[in-house]
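First comes the structure, then the notes that go with it.
All values derive from a computational prediction rather than experimental measurement.
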Amino acid sequence: TTQQIEMFLSLAEHLNFTKTAKEYFTISYCKPQISLLEEEFGFPLFVRSKKEVRLTYQGAIMVKKCREAL
């Protein structure tokens, strides 16, 4: 959905689920939505650890594509 793409772009900008969640309700809402988007695309968009969130190579490409689409 458009909201998932906007959420993805926000997370790509902030690289922080908490900051992204402030724009999109809660972390418990954001994380599953990003996971659903990754499932739909068929590849991971982010590498997640307890200390950081960073874009994958595919995620960086999708940032460009999604910005163009919006």
Worksheet item: Rounded to the nearest 0.5 Å, what separation is found between the SG atom of C30 and the NZ atom of K22?
Response: 12.0 Å
Worksheet item: Is there a path from V47 to L9 through hydrophobic residues (I, L, V, M, F, W, Y) whose side chains come within less than 4.5 Å of each other?
Response: no
Practice prompt. Find out whether I34 and L11 are in side-chain contact, i.e. whether some heavy atom of one side chain is under 4.5 Å from a heavy atom of the other.
Written response: yes
Fill in: Side-chain heavy atoms of R54 within contact of F46, under 4.5 Å
no
Discussion item. Return the CG to CG distance between L55 and L15, rounded to the nearest 0.5 Å.
Written reply: 5.5 Å
Worksheet entry | Check: L70 and I5 side chains under 4.5 Å, non-hydrogen atoms | yes
Discussion item. Do I61 and F41 land in one hydrophobic cluster if side-chain heavy atoms of ILVMFWY residues count as linked below 4.5 Å?
Written reply: no
Fill in: Between CE on residue M62 and CZ on residue F43, distance to nearest 0.5 Å
5.0 Å
Worksheet item: Is any side-chain heavy atom of E23 less than 4.5 Å from a side-chain heavy atom of H14?
Response: yes
Worksheet entry | Side chain proximity check, E40 to T1, heavy atoms < 4.5 angstrom | no
Worksheet item: What pairs of residues pass the salt bridge (charged side-chain N to carboxylate O under 4.0 Å, His left out) test when at least one of them lies in residues 55-70, not counting sequence neighbours?
Response: none
Practice prompt. Considering non-hydrogen atoms only, spot the tightest contact between V63 and A12 and give its length.
Written response: CG2-CB, 3.6 Å
Item to complete: State whether the number of non-hydrogen atoms from other residues, nucleotides or ligands found under 6.0 Å of E39 atom CD is greater than 12.
Response: no
Item to complete: Kindly give the heavy-atom pair with the smallest separation between L36 and Q4, and that separation in Å.
Response: CB-NE2, 3.7 Å
Response to the item:
Across all chains, not counting sequence neighbours, the ring pair (Phe, Tyr, Trp, His ring centres under 6.0 Å) partners of F17 are none
Discussion item. Between S10 and E6 (side chain of the first, backbone of the second, donor and acceptor by atom type, cut-off under 3.5 Å), is there such a pair?
Written reply: no
Response to the item:
Heavy-atom closest pair (G59 atom, F8 atom, distance to 0.1 Å) is O-CZ, 3.5 Å
